[in-house]
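Heads up: the structure comes next, in structure tokens.
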Amino acid sequence: MNWRLRSGALVGLICGLLLPLAGHAADATSGHLFGYSIGEQYPFDDSTRIAVPGTPPSRLDRVVAQAPVKPDDIAQVLLITTPVSHTIFKIGVQQPFETEEAARAFAGKYLRLFSAKYPTAEADLEVIGRRGRIRFSQDYELVMTLLEGSQVRGTDAPWVIEFLYQSQPDSLQAADLSMLLDKEIDVIELRGQDTRGL
């Protein structure tokens, strides 16, 4: 067997091993939504816009995503990040509406789109009342809530649909993120304190 045949076989073997991995795209079943992933660090710089700064007890910041991948009818994507490393804790949308009917129509549209794109997802379609939930996998879910505008900081619209994409509360990812947040809160609370002799 000559070198060309052997190298061709090696390339074929590598492609055969990698193609199944390439077929597993990052999506809502694996922590990825709107172009961002839960657990990745968001790069803060001078152009970063904090929509709602973190306050105690959680200290999580709401940051306006600079380069989201999203449908045109979603105005902006919010990233809820930890205060020190800016690790993405949750990915969200807060879409304002003038009428309850328009808000419910938007929520219904996205419940149908998510259900069609992820047919194996488990959906609780309670958004008709005020809340809906789609469980994409054992690790990730999207909670959709209809809110009165007075419940949402930074808007004067009468109605808001909120999407919160997050780790399932009992998942390992949620536990890891919670531990990271606790450590970062400890760092913040010690910063600027006079700890001499302690």
Side-chain angles (χ1 to χ4, degrees), residues 27-29 31-40 42 44-83 86-119 121-137 140-169 174 177-178 181 185:
D27 64 13
T29 63
H32 192 80
L33 191 68
F34 299 131
Y36 296 94
S37 294
I38 291 178
E40 75 180 3
Y42 185 75
F44 267 51
D45 59 28
D46 292 340
S47 64
T48 301
R49 198 171 114 221
I50 299 176
V52 180
T55 56
S58 78
R59 297 189 184 267
L60 293 166
D61 292 321
R62 285 187 183 240
V63 177
V64 178
Q66 291 179 327
V69 178
K70 64 176 184 58
D72 288 340
D73 64 347
I74 292 178
Q76 66 183 10
V77 172
L78 297 171
L79 304 174
I80 299 164
T81 68
T82 61
H86 312 298
T87 299
I88 298 174
F89 205 79
K90 297 181 183 187
I91 301 169
V93 168
Q94 288 183 332
Q95 190 79 7
F97 293 94
E98 290 303 313
T99 67
E100 181 179 354
E101 294 74 24
R104 287 183 183 277
F106 180 85
K109 171 188 171 180
Y110 278 95
L111 283 172
R112 288 189 299 278
L113 284 173
F114 280 121
S115 295
K117 182 160 178 155
Y118 300 97
E122 180 185 316
D124 298 332
L125 304 180
E126 297 173 33
V127 80
I128 305 306
R130 283 291 174 111
R131 177 167 287 206
R133 181 183 311 267
I134 299 173
R135 292 176 188 88
F136 296 106
S137 65
Y140 299 99
E141 66 181 5
L142 178 99
V143 177
M144 191 179 297
T145 310
L146 173 64
L147 300 167
E148 292 186 35
S150 59
Q151 298 173 285
V152 181
R153 284 177 59 185
T155 186
D156 53 5
W159 297 96
V160 172
I161 287 292
E162 180 179 72
F163 298 168
L164 280 180
Y165 177 69
Q166 60 195 12
S167 302
Q168 292 264 19
L177 286 170
S178 182
L181 179 60
I185 289 171

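Residue numbers run from 1 in the order of the sequence given. For the numbers below, each heavy atom of this structure counts, side chains included, while hydrogens, waters and symmetry mates do not. The structure presented is a predicted model; accordingly, all values stated were derived computationally and were not measured.
Closest heavy-atom contact between Pro83 and Leu181: CD-CD1, 3.7 Å. Closest heavy-atom contact between Val77 and Ile91: CG1-CG2, 3.9 Å. The heavy-atom pair separating Thr145 from Val143 by the smallest distance is OG1-CG1, 3.8 Å. Here the closest non-hydrogen pair linking Leu177 and Ser167 is CD1-OG, 3.9 Å. The minimum heavy-atom distance between Tyr42 and Val63, with the atom names listed, is CE2-CG1, 3.8 Å.
Using modelled atom types, one side-chain atom of Tyr165 and one backbone atom of Gly31 make a donor-acceptor pair closer than 3.5 Å. Looking only at distances, no side-chain donor or acceptor of Ser37 sits under 3.5 Å from a matching main-chain atom of Glu40. For Ser115 (side chain) and Leu111 (main-chain N/O), a donor-acceptor pair under 3.5 Å exists by modelled atom type. Checking side-chain atoms of Tyr36 against main-chain N and O of Ala67 turns up a donor-acceptor pair under 3.5 Å.
Residues satisfying the salt bridge (Lys or Arg N to Asp or Glu O under 4.0 Å) test with Glu122, not counting sequence neighbours, are Arg135. Residues satisfying the side chain to side chain contact (heavy atoms under 4.5 Å, CB included) criterion with Ser137, sequence neighbours excluded, are Thr29, Asp139, Tyr140. Thr155 meets the side chain to side chain contact (heavy atoms under 4.5 Å, CB included) test with Pro96, Val152, Ala157, Val160; sequence neighbours excluded. Partners of Ala121 according to the side chain to side chain contact (heavy atoms under 4.5 Å, CB included) rule, which considers only residues two or more places apart in sequence or in another chain, are Tyr118, Ile134, Phe136. Among residues two or more places apart in sequence or in another chain, the side chain to side chain donor-acceptor pair (under 3.5 Å) test is passed with Gln95 by none. In terms of the ring pair (Phe, Tyr, Trp, His ring centres under 6.0 Å) criterion, residue partners of His86 (sequence neighbours excluded) are, by chain and number, Phe44. For Ala105, there are no side chain to side chain contact (heavy atoms under 4.5 Å, CB included) partners two or more places apart in sequence or in a different chain. The salt bridge (Lys or Arg N to Asp or Glu O under 4.0 Å) test applied to Glu100 returns Arg104, not counting sequence neighbours. Taking the side chain to side chain donor-acceptor pair (under 3.5 Å) definition, one finds that Thr87 meets it with Ser85, sequence neighbours left out.
With values rounded to the nearest 0.5 angstrom, Leu164 atom CG is found 5.5 Å from Lys90 atom NZ. In this structure, the separation between CD1 on Ile74 and CD1 on Ile161 is 11.5 Å, given to the nearest 0.5 Å. Note that CD1 of Ile88 and CG of Leu78 are 11.5 Å apart. Values are rounded to the nearest 0.5 Å. The line from CG of Leu79 to CG of Leu60 is 12.0 Å long, rounded to the nearest 0.5 Å. For the atom pair CZ of Phe89 and CD1 of Ile38, the computed distance is 9.5 Å after rounding to the nearest 0.5 Å. Rounding to the nearest 0.5 Å gives a distance of 7.0 Å between CG of Leu142 and CG of Leu33.
Applying the salt bridge (charged side-chain N to carboxylate O under 4.0 Å, His left out) test to every pair with at least one member in residues 143-152, sequence neighbours left out, gives these pairs: Arg130-Glu148. Within the structure, side chain to side chain donor-acceptor pair (under 3.5 Å) pairs that include any residue of residues 63-81 comprise Ser47-Gln66, Asp73-Lys109, Asp73-Tyr110 (at least two apart or interchain).
A tilted orientation is assigned to the rings of Phe106 and Phe97, their planes being inclined by 30° to 60°.
Counting only heavy atoms from C-beta outward, the side chains of Glu141 and Pro169 approach each other to under 4.5 Å.
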